[in-house]
There are 2 protein chains.
Amino acid sequence: MAIFKEQAITASDKAFFRLRKEIVDGVIPAGSKLSEMELSTNYAVSRAVVREAINRLEACHLVERKANVGARVVSLTPDGLIELYQVRESLEGMAARLAAQNMSEEEILDLNTLLNSQSDEVKTAELYYQEAGDLDFHYRIIQGSKNAYLISMLVNGLYHLVRMYRVQLGMAGPRVTSAFDEHKSIVKAISLRDSELAEMLMRRHIMYSKNNIKAKLQS
Amino acid sequence: MAIFKEQAITASDKAFFRLRKEIVDGVIPAGSKLSEMELSTNYAVSRAVVREAINRLEACHLVERKANVGARVVSLTPDGLIELYQVRESLEGMAARLAAQNMSEEEILDLNTLLNSQSDEVKTAELYYQEAGDLDFHYRIIQGSKNAYLISMLVNGLYHLVRMYRVQLGMAGPRVTSAFDEHKSIVKAISLRDSELAEMLMRRHIMYSKNNIKAKLQS
DNA sequence: ATTTGGTGTTTTGTCGACAATCTGTAATTT
DNA sequence: AAATTACAGATTGTCGACAAAACACCAAAT
């Protein structure tokens, strides 16, 4: 899979990762209040580490905090989803552009083999492709941009929000094969080092994805 | 001026604002270590609030922290500057696109009057335009996008880094009048609700700005 | 001379307690 | 009865102290 692995060293890290997972997976419902005391007893750690975890979650836009009042998990709204995808379109478009310029030949080769292996999975209709495969694809292109800000904003910031929307809206739907074709053309543009085209295709890809999930939201 | 005003309520807020200002202005040099104890005695406040302030600075990419070691102010590098402007190009380009779609007629009118007043200043050669005026212009377009993520990322996140580069590289240089013309054409595109063009012009504007500051960096 | 190991100091991470602020309820006033 | 104020409870913000990890220095060995 070669997917990334962030390891926790301090207790705050562990609390942060756990809390983030529970929010993304909907174990802690969207819009619900986060009590520092309750969480600290729950996780068996001090309030200080819970506070630090919540602060980090706030930086990821996963919780909102008001001074002297407390923190709430963000609530999922159609507007929020659209705004999120607008930022994704902008940022990942740029990532594709930079990836076409900066990825090594070896990385591009790996990306092609990844795509081929996913092609088999699509044919045999193993549709868990959606989450894992799609994430892996986008993740590699983001890394390929070699831009630290871009990588940080997307990987540490927005992607968990994207996943939160996907998980809690139950995105296991279709759009697997069409998205796969789009992935293929993006990789082709990157292979040709056509940064202009790569950005444009990536932006369209994300726009399609937005329309797809938006339609599902209204149904 | 109508520029934004963020007000501090908690002690952590005050520490955060103060520390951020001292970092951006170079009072605390780039690359230097941030001792929690030293800062807490210095600011006459507990270590906990300094820690929280530092955590927030880390989320803004103004300091880097390593577990069990400590935090350092980021150091300014040519690569970092380029990467920063790549993200700006992407994000502010999208902001201009959305502003062309979402700004109210009144906001567009205000933007035009702002530009006219700055035109007078440019003619009379009051060149403090650069910092204040340029910031005000970009700030209004970002707000005009009406996209909460975009606004937060740029205003709370990247802009202080941009200012840090500008201040510490001593950017009082030329490029005032040419940048002003670019601003004018962007506003015109927004007035015509031409989102495509607005994005394109904004991206070019930021590219020019990047080349300008990059040239200054190498001299 | 370089490396290795140990020891002491300094800095960060974590904790529990206290202070300040907010929220909801109930009593009081008009 | 409606609005306002006072109070009680609970939650967050801040603090100082303790625990654990990293760093610096010196000694010893190869």
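Proteins come first, then strands; the chains are lettered A, B, ... in the order of their sequence lines, and each starts at number 1. The figures that follow rest on heavy atoms only: side chains count, while hydrogens, waters and symmetry mates do not.
- Across the protein-nucleic acid pair, A:Glu38 atom CD and D:dA10 atom C1' stand 13 Å apart, rounded to whole Å.
- Looking at B:Ser191, its side chain does come within 3.5 Å of a backbone N or O of B:Val187 through a donor-acceptor pair.
- Closest to the side chain of A:Val45, from the set D:dC23, C:dC15, D:dG13, is C:dC15.
- Taking every side-chain heavy atom of B:Arg47 into account, C:dG13 is the closest of C:dT14, C:dG13, D:dC15.
- Atom CD of B:Glu58 and atom P of C:dG13 are 10 Å apart (whole Å).
- Residue-level contact check: A:Leu34 touches the backbone only, with heavy atoms under 4.0 Å from sugar-phosphate atoms and none from bases.
- The cationic atom of A:Arg140 (NZ for Lys, CZ for Arg) does not lie both less than 6.0 Å from the six-membered ring centre of A:Phe137 and within 45° of the ring axis.
- The one candidate from A:Ile141, A:Asp136, A:Leu135, A:Asp134 that meets the side-chain contact (heavy atoms from CB on, under 4.5 Å) condition with A:His138 is A:Asp134.
- Here the C1' atom of nucleotide D:dT11 and the CZ atom of A:Arg72 are 13 Å apart, to the nearest Å.
- Minimum atom distance to the side chain of A:Arg51 is reached by D:dG13, of the listed D:dT14, C:dG13, D:dG13.
- For B:Asn68, the listed nucleotide lying nearest its side chain is D:dA22; candidates were D:dC15, D:dA22, D:dG13.
- Following rounding to the nearest Å, A:Asn55 (CG) and D:dG13 (C1') show an atom-to-atom distance of 11 Å.
- A residue-by-residue look at B:Ala48 and A:Lys66 shows that B:Ala48 has its nearest nucleotide of DNA chain C further toward the 5' end.
- What separates OH of B:Tyr43 from P of D:dT14 is a distance of 15 Å, to the nearest Å.
- For B:Lys33, whose side chain is taken as the heavy atoms from C-beta onward, the closest listed nucleotide among C:dT12, C:dT14, D:dT14 is C:dT12.
- At the phosphate of D:dT14, OP1 or OP2 sits under 4.0 Å from a side-chain N or O atom of B:Thr10.
- Neither OP1 nor OP2 of C:dG13 sits under 4.0 Å from any side-chain N or O of A:Ser12.
- The distance from atom CD of A:Glu52 to atom P of D:dT12 is 17 Å, rounded to the nearest whole Å.
- In this structure, the nucleotide among C:dT23, C:dC15, C:dT12 sitting nearest to the side chain of A:Val49 is C:dC15.
- No side-chain donor-acceptor contact under 3.5 Å links A:Tyr85 and A:Glu89.
- Note on A:Ser46: every side-chain N or O is 4.0 Å or more away from OP1 and OP2 of C:dT14.
- The distance between atom CD1 of B:Ile9 and atom C1' of D:dT14, rounded to the nearest whole Å, is 15 Å.
- Closest to the A:Glu36 side chain, of the nucleotides D:dC23, D:dT12, C:dT12, is D:dT12.
- With hydrogens and angles disregarded, a donor-acceptor distance shorter than 3.5 Å links the side chain of A:Asp13 to the backbone of A:Thr10.
- Between the CZ atom of A:Arg65 and the C1' atom of D:dT11 there is a distance of 12 Å, rounded to whole Å.
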